Participant: 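Pasting a structure below so you can have a look.
As the structure is a prediction and not an experimental result, all values here were calculated from the model. A, B, ... follow the sequence lines: proteins, then strands. Residue 1 opens every chain.
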Amino acid sequence: MSKVNLKINGKTVQAPAGSTILEAARLAEVDIPVLCHHPKLANLGSCRICLVEIARQPNLHPACTYPVFEGMEVQTESPRVVEMRKFVLDMLFSERNHHCMYCEMSGDCELQNLAYRYRMDRWSFPSPHPHMPVDATRKYFLLDHSRCILCRRCLRACSDLAANHTLGVKNRGADTMICADMDLSFGESSCVSCGTCLEVCPTGALVDRRSAYMGRTAEVQRVRSSCAACSLGCGVELVVRGGQVLRVESDWDRHNEGVLCVAGRFEPLEQTREKITRPLVRRDGQLQEATWVEALDALVSGLRQAAPGGIRAVTSGAVLSEGMNEFVNFFKGKMGVPVHLLEPALAGSELAADGGLKDVDAADFILVAGGDPLASHRVLGYRIKRAIDKGAEVWLVSGKETEMAHFAARCLGLAELDSAVAHCMESRSPVVVYGADLTAREAGRLARLRGKARFIPLAPSPNGHRAQVLGLEPAAGWAGAKALFVLLESALLQEGWLQEFRRPQFLAVYASCRSPLTDQADVVLPALQWYERQGTFINMEGRNVDVHQAVEPGGEGWSVQKLFDRLSGCMT
Amino acid sequence: MFTKILTRNFDQPDLHEMEVYEKLGGYRMIRQALRRHTPEEIVQMVQRSGLRGRGGAGFPTGIKWGFIPRNSDKPTYLCVNADESEPGTFKDRHIILHDPHQLLEGIMVSAYAIQSRRAFIYIRGEMAREAAILNDAIAQAEKKNYLGHRIFGEDFDLQIQVVRGAGAYICGEETGLLESIEGKRGQPRTKPPFPAVCGLYGCPTIINNVETLINVPHIVANGPEWFAAIGKDPRNTGPKLYGVSGQVKRPGVYEFDMTITLKELIYDVCGGLTENRALKGVIPGGSSVPILLPEEIDVAMDFDSLAARGTMLGSAGVVVIGEGTCMVRVARRVAQFYAFESCGQCPPCREGTAWLHKILQRIESGGGHPGELDLLAEICDNMKSHTICPLSDAAAMPIESYIRKYRAEFEEHLSRPGCACS
Ligand SMILES: Cc1cc2nc3c(=O)[nH]c(=O)nc-3n(C[C@H](O)[C@H](O)[C@H](O)COP(=O)(O)O)c2cc1C
Ligand code: SF4
Ligand code: SF4
Ligand code: SF4
Ligand code: SF4
Ligand code: FES
């Protein structure tokens, strides 16, 4: 790529042709303030805080949008520029209510930081601040219009990243306000609570309800990890203070590019189920707290009575690879017991899992067959909607009613799968997204597209891929089982599964939360909570992603590895 | 002696009917353009004619057309700016009402010159009647295959579509206009990229004013030298429409070359002020330009002479203000317009216009504070050339000029409520 030579504040810089002044300044380690600019969003150039002076040009220009040219000379903090910045800040501060001491964002606010940087010591335009509403109709976060600076980062995040197009702008001039849909309350709007807007807001306008006032950037730790709510394995950062996860933010450098969904960002912290923190053993028909030694004793005797032939073992596909390996080693390897998978599995193990979110971005045609990414793998769903916005064509082949149907160019029944396959053959860079509703025969029909299309499986469980590698299949029933061990962790059980479930003579469950299954168990072994565990799982791209422990275990929960290490000792 | 060119037929009855327009020589110039000239030739003719945009900024039209990238694989669009929302401006409406076919012919020749097969007329939402007239004229032209596939039997296709605005002044700004045609909220885009490179739907786009385009066929028919000889100054060529309103005896749209002075326009053409009152000031080019005092009106109504007087030809909407009008009130009313019309993207404009209005309202009602005139001047100064589009400048420049030129009147308002004028 060709380079352009320019000078920023007298410093010589070489920047790739086509860069903006802001990008060149970052190369030169010159800090130009920004408000509407966000590195992952399209530039708008509207806040005017980044205006700089370019030699021999009469007007100031926004550094975030203005392209560099050979021989350009830029001043980023000249008196004229500084006066302008102060004016913009004056205007923003006098616009709405910025009494920082009452603001959740104080200390972390990009607007407040600039006020310090440019030494604002008073309001130049004192006035009673207009009364602005707070929209608190949304479950997980609120919008306080009195702190909004109308930078429209939220709007661009909603439209361009989440592709949800909920946010817009209403009114004009100083009456301009951010609004949802055609001016609905956020609670009633089409918002899917992905929280992307919340994360890009530079001020205290969009506020996470749960973690509000619980810690500033300087007071918290951040732990990089992966969301294990589905098989996408989106990058997350867990914001932790005092042994508590305050909130989940996204890791902007991973394949999800800053976007998460409600299941990854908010729901994990909405602890409605009772945590299991100590082992439980059934005595006199009642589950009672016990020590690990007592629980292991009860477990060993329960398993021994069933003899190898009567034991069954089942794991959730949400369990991390290290634990799942250990589990399979113990039951299948050491005890010769068949191990099954709790969740359904994908048909079509012969189909590759060679596609990723980047392929969706580059696709001209996306075939979604036998699943609904907007329900089960939402960030993938958003990414598909994003591709549609950029011109990709999506066909949906499904036997069910799905959310994706609103966005697909064509919706076909499963019987018409072949015409979709034919269309796929004719496209340039197709992607096939396939789900668990496909039968093995239908999946077989997709196999024709191998080599032509990239495949993305919608595995019904986060680590379903590992389960597949280990050869685990869903159990066809529990006939003949005398003792059953369920490695559940924090997985949720399907209604239907529970209805069909017949309790064997002996039931042991390893779980982090109370559920109808643990209530029936003879032995309940406390698992680590999702934020206490450490390990990896295989995401939908077939890559290992890391899950990091965010806080020290609070209860007596053991990791799966520790459990089976001890159990092996007891059984020999 | 200037003979009318653009408006010469305006008093012919039923000029909006195709037969009448053709009988008077209409649609000959487009035939001539298609048969005798290549598109490049027409662009060069327009360049040589010195034609400058009539929409406000006076940018040379031929030079603008030259910015369209060659060898682009994208289509080129022509957008006709008929938004005409600038207070005091009504010349484009006048053209459309009287002579819609002349505009269509202007569009045809210009579209051919820039090789655009789709043209859009973006018309102010309130002008429902004018939009209907245009649609009717387009239907007449389509029927005769003057629009559509291979127009006039030549190797050129053209479709013209009327798009009605929804009541925002900012949609007259060229990129706000593009957003609006695309069906989005009308708000200007940051430049660069400029529309000639990346405009409507990301394609090369030329935006021209209605009056600008109706000059083009005349340039092709009579030659650029003929056009450049109209007027005295090679930088201010061709005929020009002036819309005069306010306290004059004969308000209206008048066509002259640009040698006419503001004084002649007011006193000779429009018959002077109503009730023969004394002149207090004149806005020479729509509400966005600085005001001129009575002693400053002996000035040619061209781009450069007015610029030399510290104001602008703008949209050539001349607003005449007589003695007895309160300038604080004028200022407040103008500020109110811009505060209401700011699209709300840039803080200097969004808040600047609001503060100008708020403070002027206070001063008008007698609640102003000493020092606020300087504050107003400071706000105006910071609002200029710091925003995405020039609406912010357009709000600041006139207010600045009112305060500078009528400062005593503003100070009087600060010292007591009410007004000596009324
Ligand atoms: C706020 C604002 C409003 C404008 N309104 C109009 C308008 O109503 N009609 C118009 O022709 N130009 C208007 N303009 C100027 C256009 O942006 C543009 O310069 C013009 O249409 C170009 O045409 P021309 O080169 O033929 O003059 C406006 C500009 C601004 C900043
Ligand atoms: S949003 Fe920022 S500037 Fe405004 S009150 Fe909060 S901390 Fe202060
Ligand atoms: S949470 Fe997501 S969908 Fe809802 S408004 Fe924010 S970005 Fe849009
Ligand atoms: S809510 Fe936040 S991100 Fe959205 S416009 Fe307001 S300040 Fe910007
Ligand atoms: S200057 Fe005013 S009208 Fe123009 S883009 Fe900025 S806010 Fe909108
Ligand atoms: S950061 Fe450049 S204009 Fe807002």
Participant: Is it true that, when you exclude B:Arg362 itself, more than 12 heavy atoms of the residues, nucleotides or ligands shown sit nearer than 6.0 Å to its CZ?
Facilitator: yes

Participant: Suppose a student defines contact as a heavy atom less than 4.5 Å from any heavy atom of chain B. Which residues in residues 158-169 of chain A would they list?
Facilitator: A:Val169

Participant: Do side-chain atoms of B:Ser385 reach the backbone of A:Asn59 as a donor and acceptor pair under 3.5 angstrom?
Facilitator: no

Participant: With a cut-off of 6.0 Å (strictly less than), are more than 12 heavy atoms of other residues, nucleotides or ligands near NE2 of A:His131?
Facilitator: no

Participant: Rounded to the nearest 0.5 Å, what separates atom NZ in B:Lys191 from atom OG1 in A:Thr65?
Facilitator: 11.5 Å

Participant: For the OG atom of A:Ser46 and the CZ atom of B:Arg350, what is their distance to the nearest 0.5 Å?
Facilitator: 7.5 Å

Participant: Are the side chains of A:Phe87 and B:Pro347 in contact, using a 4.5 Å heavy-atom criterion?
Facilitator: no

Participant: Which bit of A:Ile49 is near chain B, if near means a heavy-atom gap under 4.5 Å: side chain, backbone, both or neither?
Facilitator: neither

Participant: Which distance, rounded to the nearest 0.5 Å, do you find between the CG of B:Asn382 and the CZ of A:Arg85?
Facilitator: 13.5 Å

Participant: So for A:Thr176, is it side chain, backbone, both, or neither that comes closer than 4.5 Å to the heavy atoms of chain B?
Facilitator: side chain

Participant: Counting heavy atoms not belonging to B:Lys74, are there more than 12 under 6.0 Å from its NZ?
Facilitator: no

Participant: With a 4.5 angstrom heavy-atom cut-off, could you sort out which part of B:Ile379 is near chain A: side chain, backbone, both or neither?
Facilitator: both

Participant: Are A:Cys47 and B:Cys346 packed together at the side-chain level, in the sense that at least one heavy-atom pair is separated by less than 4.5 angstrom?
Facilitator: no

Participant: Contact part of B:Cys343 toward chain A, heavy-atom cut-off under 4.5 Å: side chain, backbone, both or neither?
Facilitator: backbone

Participant: Hey, could you give me the CG/CD distance between A:Leu150 and B:Gln345, rounded to the nearest 0.5 Å?
Facilitator: 10.5 Å

Participant: Can you tell which part of A:Lys86 gets under 4.5 Å to a heavy atom of chain B, answering side chain, backbone, both or neither?
Facilitator: neither

Participant: Can you tell which part of A:Leu51 gets under 4.5 Å to a heavy atom of chain B, answering side chain, backbone, both or neither?
Facilitator: side chain

Participant: Examine whether an atom of A:Asn171 lies under 4.5 Å from a heavy atom of chain B, and if so say whether it belongs to the side chain, the backbone or both; otherwise answer neither.
Facilitator: backbone

Participant: Which one wins on heavy-atom pair count under 4.5 Å against chain A: B:Pro192, B:Ala354, B:Pro188?
Facilitator: B:Pro192

Participant: Working to the nearest 0.5 angstrom, can you tell me the gap between B:His386 NE2 and A:Leu60 CG?
Facilitator: 4.0 Å

Participant: Please check this pair: side chain of A:Arg172 against backbone of B:Phe340, looking for a donor-acceptor N/O pair closer than 3.5 Å.
Facilitator: yes

Participant: Hey, could you give me the OG1/CG distance between B:Thr190 and A:Asn43, rounded to the nearest 0.5 Å?
Facilitator: 8.5 Å

Participant: Quick check: are there more than 12 heavy atoms from other residues, nucleotides or ligands sitting under 6.0 Å from CG of A:Asp121?
Facilitator: yes

Participant: So what's closer than 4.5 Å to chain B heavy atoms on A:Pro62: side chain, backbone, both or neither?
Facilitator: side chain

Participant: Between B:Asp381, B:Leu375, B:Ile170, B:Thr353, which has the largest tally of heavy atom pairs under 4.5 Å with chain A?
Facilitator: B:Leu375

Participant: Counting heavy-atom pairs under 4.5 Å to chain B, which of A:Arg152, A:His61, A:Arg48, A:Met91 comes out on top?
Facilitator: A:Arg48

